[in-house]
Amino acid sequence: MKIVSYNVNGIRARADRLAEYLAEQQPDIVCLQELKCADEAFPAADIEAAGYRAVWHGQKGFNGVAILSRGDTAPTLRRMGLPGDPDDSHSRYIEAEVDGTIVASIYLPNGNPVGTEKFAYKLAWFERLRLHAADLLREERAVVLAGDWNVIPTPEPDDVFSARAMAKDALMQPESREAFRRILHQGWTDAIRARHPDGPVYTFWDYTAGCWQRDAGFRIDHLLLSPIAADRLADAGVDKDYRGREKASDHAPTWVRLEA
DNA sequence: ATGCCTCGCACAGCGAGA
């Protein structure tokens with residue numbers, strides 16, 4: 001089964017691109033981030049017309065996450081939002097079960113600029129995710145944590161076109177990378193790097209400054225697999241060409257294929 | 001050092017993104 005993480009940067013602005021992606025790739029499960037729409041504005045009818053059912057956690061204007069499954073059975077919702085902060089108003093986490101696999105769609109806070117409350121929020125959110133991820137591992141099930149983690153895992157060129165250009169960015173701060181590593185080291189597998197240990201793999205290219213044209217990207221969309229899911233890992237990759245199409249998101253769909 | 005594009009909001013630039 002193909003499981004995709006795709007930050008669409010506005011699901012309504014990306015309606016044609018998303019429908020095209022579903023028709024061409026026919027993924028089994030799609031985790032969407034940055035819906036940028038309220039719950040009542042989610043294009044559920046369009047999703048259904050494309051042959052998918054969805055659960056979603058929207059928010060007017062920004063954030064918003066969803067999980068799509070192919071076929072007539074909707075994902076079974078497990079939770080919306082992370083535990084640990086009832087005052088957190090951002091729609092950044094949704095978790096569901098599809099065909100026995102637990103899947104989370106994650107939109108981790110960006111955290112820029114560093115040194116502000118936004119960066120503190122990023123790290124606090126990361127810590128809440130770490131605690132919840134540990135709970136998920138204890139279930140000893142197939143679990144996929146898929147999303148826009150807003151972290152460049154290493155400053156090496158394999159993860160970023162220029163460590164120097166990104167050195168002051170929240171995505172590459174040592175604290176951000178450490179928080180990501182702490183979750184990984186619980187026992188998760190970074191599927192992209194498991195399949196592609198060497199060489200550049202980018203999932204995001206900024207709209208500005210010709211970043212796409214000069215391949216100035218970085219890797220921030222990640223699919224983390226629990227040990228039982230990792231045992232089923234057949235392949236992983238980035239559907240990069242969708243980044244180059246008309247009206248593209250600034251992220252490319254990033255995926256894993258698990259043996260049934 | 002800042003803006004570069006894009007989206008949503010709401011109808012004029014602006015916040016947010018990364």
Side-chain angles (χ1 to χ4, degrees), chain A residues 5-19 21 31-43 46 56-66 88-93 105-123 125-126 147-177 179-180 192 200-222 238 240 242-254:
Chain A
S5 181
Y6 187 14
N7 179 321
V8 290
N9 186 17
I11 192 169
R12 288 170 293 176
R14 216 64 60 212
D16 293 346
R17 194 83 308 125
L18 178 60
Y21 183 76
C31 298
L32 300 176
Q33 300 89 35
E34 274 208 274
L35 304 177
K36 293 187 173 181
C37 74
D39 279 335
E40 58 270 25
F42 183 83
D46 294 343
W56 61 93
H57 190 201
Q59 185 169 355
K60 186 177 181 179
F62 57 112
N63 301 325
V65 285
D88 186 358
S89 61
H90 290 204
S91 298
R92 295 181 175 276
Y93 186 91
S105 182
I106 293 167
Y107 180 42
L108 209 130
N110 168 305
N112 278 307
V114 174
T116 67
E117 72 287 343
K118 290 188 173 184
F119 191 64
Y121 174 66
K122 175 178 196 157
L123 296 182
W125 205 95
F126 234 136
D148 174 2
W149 290 69
N150 268 317
V151 173
I152 297 166
T154 79
E156 306 304 320
D158 288 354
D159 283 341
V160 59
F161 73 101
S162 166
R164 188 175 165 201
M166 296 299 290
K168 294 192 160 97
D169 197 285
L171 277 57
M172 225 184 68
Q173 293 310 297
E175 296 94 328
S176 306
R177 294 192 283 112
F180 183 70
I192 289 286
V201 180
Y202 302 151
T203 67
F204 170 92
W205 296 259
D206 200 288
Y207 287 125
T208 68
C211 285
W212 168 250
Q213 288 74 11
R214 58 195 175 94
D215 198 27
F218 36 86
R219 189 171 76 93
I220 53 176
D221 300 276
H222 309 301
V238 180
K240 184 175 175 179
Y242 289 87
R243 175 61 182 85
R245 299 192 187 185
E246 286 298 310
K247 290 276 289 177
S249 169
D250 39 9
H251 296 251
T254 306

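Each chain gets a letter, A, B and so on, in the order the sequences are listed, and its residues count up from 1.
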Residue [X], side-chain heavy atoms: nucleotide from [options] that is nearest:
{"X": "L171(A)", "options": "dC9(B), dA18(B), dC7(B)", "value": "dA18(B)"}
{"X": "A13(A)", "options": "dA18(B), dG8(B), dG17(B)", "value": "dG8(B)"}
{"X": "Y207(A)", "options": "dA18(B), dC9(B), dT6(B)", "value": "dT6(B)"}
{"X": "K60(A)", "options": "dG17(B), dC4(B), dA10(B)", "value": "dA10(B)"}
{"X": "R92(A)", "options": "dG17(B), dA18(B), dT6(B)", "value": "dG17(B)"}

Would you classify [X] as touching base, sugar-phosphate or nothing, given that sugar-phosphate means primed atoms plus P, OP1 and OP2, and contacts are heavy atoms under 4.0 Å?
{"X": "N150(A)", "answer": "sugar-phosphate"}
{"X": "H251(A)", "answer": "sugar-phosphate"}
{"X": "D148(A)", "answer": "sugar-phosphate"}

Pairwise [atom1] distance for [N] and [M], with rounding to whole Å:
{"N": "dG3(B)", "M": "dG17(B)", "atom1": "C1'", "answer": "14 Å"}
{"N": "dT2(B)", "M": "dT6(B)", "atom1": "P", "answer": "22 Å"}
{"N": "dA18(B)", "M": "dA1(B)", "atom1": "P", "answer": "22 Å"}
{"N": "dG15(B)", "M": "dA10(B)", "atom1": "C1'", "answer": "13 Å"}
{"N": "dC11(B)", "M": "dC7(B)", "atom1": "C1'", "answer": "15 Å"}

field: Given DNA chain B, 5'-ward residue of the pair F218(A) and I11(A), judged by closest heavy atom
entry: I11(A)
- prompt: How would you list, by chain and number, every residue that makes a salt bridge (Lys or Arg N to Asp or Glu O under 4.0 Å) with R245(A), sequence neighbours excluded?
  reply: E20(A), E24(A), D241(A)
Measure the acute angle between the ring planes of [X] and [Y], then classify it against the limits of 30° and 60° as parallel, tilted or perpendicular.
{"X": "Y6(A)", "Y": "Y21(A)", "result": "tilted"}
{"X": "F180(A)", "Y": "W149(A)", "result": "perpendicular"}
{"X": "F161(A)", "Y": "F218(A)", "result": "parallel"}

Over how many whole Å does the gap from [X] atom [atom1] to [N] atom [atom2] extend?
{"X": "F204(A)", "N": "dG17(B)", "atom1": "CZ", "atom2": "P", "answer": "12 Å"}
{"X": "F62(A)", "N": "dG8(B)", "atom1": "CZ", "atom2": "P", "answer": "14 Å"}
{"X": "N110(A)", "N": "dC7(B)", "atom1": "CG", "atom2": "C1'", "answer": "15 Å"}
{"X": "E246(A)", "N": "dT6(B)", "atom1": "CD", "atom2": "P", "answer": "10 Å"}
{"X": "D206(A)", "N": "dC7(B)", "atom1": "CG", "atom2": "C1'", "answer": "13 Å"}
{"X": "W212(A)", "N": "dA18(B)", "atom1": "CH2", "atom2": "C1'", "answer": "17 Å"}
{"X": "M166(A)", "N": "dG17(B)", "atom1": "CE", "atom2": "P", "answer": "14 Å"}
{"X": "R214(A)", "N": "dC4(B)", "atom1": "CZ", "atom2": "P", "answer": "15 Å"}

Does [N] have its OP1 or OP2 closer than 4.0 Å to a side-chain nitrogen or oxygen of [X]?
{"X": "N7(A)", "N": "dA18(B)", "result": "yes"}
{"X": "R243(A)", "N": "dT6(B)", "result": "no"}
{"X": "R14(A)", "N": "dT6(B)", "result": "no"}
{"X": "R17(A)", "N": "dT6(B)", "result": "no"}

- prompt: Going by distance alone, is a donor N or O of one side chain under 3.5 Å from an acceptor N or O of the other, for S5(A) and D221(A)?
  reply: no
- request: Would you kindly say whether K36(A) and N9(A) are connected by a side-chain donor-acceptor distance under 3.5 Å?
  value: yes
Pair R12(A) + D46(A), salt bridge at N-O below 4.0 Å: no
- request: Report yes if some heavy atom in the side chain of F119(A) is under 4.5 Å from a heavy atom in the side chain of E175(A); otherwise report no.
  value: yes
Atom pair CZ/OG of F204(A) and S249(A) - distance to nearest 0.5 Å: 8.0 Å
Just the table, please: protein N/O against nucleotides 12-15 of chain B N/O, every pair under 3.5 Å.
none

